[in-house]
J.: 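Provided herewith is a single structure, encoded as structure tokens, for subsequent inquiry.
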Amino acid sequence: MKLTILGGGGFRVPLVYGALLGDRGEGRVTDVVLHDLDAGRLSAVARVLAEQAADVPDAPTVTATTDLDEALRGADFIFSAIRVGGLEGRAADERVALDQGVLGQETVGAGGIAYGLRTVPVAVDIARRVARLAPDAWVINFTNPAGLVTEAMSRHLGDRVIGICDSPVGLGRRIARVLGANPREAWIDYVGLNHLGWVRGLHVAGRDELPRLLADPDLLGSFEEGKLFGTEWLQSLGAIPNEYLHYYYFNREAVRAYSEAEKTRGAFLRDQQEHFYEEMKRPDAAALTAWDRTRAEREATYMSENRETAGAGERDADDLSGGYEKVALALMRAIARDERTTLILNVRNQGTLSVLDTDAVIEVPCLVDANGAHPVAVAPLPDHATGLVCAVKAVEREVLAAAESSSRATAVKAFALHPLVDSVNVARRLVDGYTGAHPGLAYLE
């Protein structure tokens, strides 16, 4: 079975390959094709993968190419993890927004909109090529903003594109762990959009254990989200929000912390990864050791400004292992082998969440089998969550419309309608700033 990884020179590709190395049995991936526009990065990542596979018999073969059509032909699965504009683009997204006093995070607020406007045209082109060159392939999208990009691609690929994210997985794992439950045996009632969802229940043997957590301040304050949001706020919500909702519930504090930081997150990752890829140019460099060291630093500093604002301290060691690669592998296995499972995924709504239309991509538990991912019916959201979900989905639709029409006015509308952008004039200045910073937004007229 052939897996093509778009963004194959990306830093987190070894996580995916590492998961493949541990997979055994029929229907496993035997060929991996890395595609990237940067041949140097492809070479660096290929070296890391070669060291990972050194002592693994029958490891999947790895080839690399800068030719997109070549990479797509014959693929059974396509994993999309591209970054249009690179980390330099992410750093610019953050800085332009902060200069206007609003959040520039890559998936939330102004930064997420800018990233979406850059990425959607590229993702749509990829989707059209997949439909032509690999019509039977399944596309697993991790490209951010994951929900928005998945929806853009679904207009050309239907339900054969599925978005994944490790945030809900990590959240469910943490809640189960603090309740003394096995995450594999728990049903997580989670619903929302990508990076905008809530755990409303955690069922073990038919019993919802979340009320027990919410009623115990000591237990509730003992894990990441309890420290981040505070026990009193979680008890008021009656649910556990995705960590990215910290940008909404504590927006003023988050903007201040990011404004005062020595470097934005994008700038930190840009400099960190530039050092790694530069090191990989040395023939004698230990590729896997260098990658492991860099990855550990990356994970430990994740959302550090938010945790500092909340006084949450360092991340727990158990939260440093990522997880999206495990979701991707479980999804591929379920489809390729008909190994039925339940995963929280980004899929078309299909009537699951009544306040949104059928084609809106949402993030919910899905039953996965050989025919793809099937969203599970969920109870309606409370009014406060419904308002936020509908507002952000409306912004996503304006981003898609702007990318399709090349309309500057529609792009301004997308920024102005976002809950974290507080003025139409700010929205106009953001569009000016982003089009000036990114050649990839020159299409907006």
Side-chain angles (χ1 to χ4, degrees), residues 15-16 18-20 22-25 27-28 140 162-192 194 197-228 231 234-235 237-243 315-347 352-353 362-379 381:
L15 291 172
V16 178
L20 296 176
D23 189 32
R24 288 291 177 265
R28 71 187 184 98
I140 301 172
I162 300 169
I164 68 169
C165 181
D166 48 1
S167 288
V169 175
L171 175 55
R173 184 176 63 229
R174 287 189 288 275
I175 295 173
R177 190 169 63 223
V178 79
L179 286 169
N182 184 343
R184 296 180 181 179
E185 299 174 356
W187 172 269
I188 302 168
D189 178 5
Y190 180 96
V191 62
N194 180 240
W198 298 261
V199 171
R200 305 179 300 177
L202 189 133
H203 300 264
V204 180
R207 176 184 174 87
D208 185 5
E209 298 291 342
L210 191 64
R212 176 163 67 90
L213 176 62
L214 291 168
D216 187 333
D218 291 335
L219 205 59
L220 189 57
S222 67
F223 70 108
E224 178 85 354
E225 281 69 22
K227 298 172 185 176
L228 192 61
T231 58
L234 295 185
Q235 289 173 330
L237 289 174
I240 311 296
N242 184 293
E243 59 200 347
R315 294 186 78 191
D316 292 338
D318 289 337
D319 295 329
L320 301 181
S321 58
Y324 84 96
E325 71 283 359
K326 297 172 186 174
V327 181
L329 180 60
L331 177 57
M332 286 191 289
R333 289 177 59 158
I335 294 174
R337 306 176 191 176
D338 201 18
E339 292 183 3
R340 300 184 181 188
T341 190
T342 303
L343 299 167
I344 297 172
L345 301 167
N346 288 268
V347 295
T352 307
L353 199 55
I362 60 174
E363 192 168 74
V364 288
C366 297
L367 299 177
V368 190
D369 57 22
N371 295 314
H374 317 283
V376 176
V378 296
L381 285 164

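None of these values were measured; they are calculated from a predicted model.
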J.: Which value, rounded to the nearest 0.5 Å, describes the distance between Phe223 atom CZ and Leu179 atom CG?
T.: 8.0 Å

J.: About how many Å separate CG of Asp166 and NZ of Lys326, when rounded to the nearest 0.5 Å?
T.: 10.5 Å

J.: Please check this pair: side chain of Asp369 against backbone of Arg340, looking for a donor-acceptor N/O pair closer than 3.5 Å.
T.: no

J.: What distance separates Ile344 CD1 from Asn194 CG, expressed to the nearest 0.5 Å?
T.: 11.5 Å

J.: Please check if the number of heavy atoms outside Arg184 that lie under 6.0 Å from its CZ is greater than 12.
T.: no

J.: With Val178 as reference, evaluate Leu213, Asp216, Leu220 under the side-chain contact (heavy atoms from CB on, under 4.5 Å) test and give the passing residue.
T.: Leu213

J.: Return the minimal non-hydrogen interatomic distance between Ala330 and Thr341, and the atom names on each side.
T.: O-CG2, 4.4 Å

J.: For Ala19 and Leu329, work out which heavy atoms get closest and say how close.
T.: O-CD2, 3.5 Å

J.: Roughly how far apart are Asp189 CG and His203 NE2, rounded to 0.5 Å?
T.: 5.5 Å

J.: Quick check: do Val364 and Val376 have side-chain heavy atoms less than 4.5 Å from each other?
T.: no

J.: Consider side-chain contact (heavy atoms from CB on, under 4.5 Å). Of Ile175, Leu171, Leu202, which one does Ile188 pass it with?
T.: Leu202

J.: State, to 0.1 Å, how close Asp338 and Ala370 come at their nearest heavy-atom pair, and which atoms those are.
T.: OD1-N, 3.0 Å

J.: Under the side-chain contact (heavy atoms from CB on, under 4.5 Å) rule, what do Ile164 and Leu345 come out as? Steps first, then yes or no, please.
T.: CA-CA 5 Å; Ile164 68 169; Leu345 301 167; 3.8 Å; yes

J.: Check Ser222 against Lys227 and note the closest heavy-atom contact, atom names and distance.
T.: O-CE, 3.8 Å

J.: If I take atom CH2 from residue Trp198 and atom CG from residue Leu381, how far apart are they, to the nearest 0.5 angstrom?
T.: 6.0 Å

J.: Give me the atom names and distance for the closest heavy-atom approach of Pro375 to Cys366.
T.: CA-SG, 3.8 Å

J.: Give the minimum heavy-atom separation between His374 and Asn371, together with the two atoms involved.
T.: CE1-O, 3.9 Å

J.: Within this structure, what is the CZ-CD distance for the pair Arg174 and Glu225, rounded to the nearest 0.5 Å?
T.: 4.0 Å

J.: For the backbone of Leu214 and the side chain of Gln235, can you confirm whether one donor and one acceptor N or O come within less than 3.5 Å of each other?
T.: yes

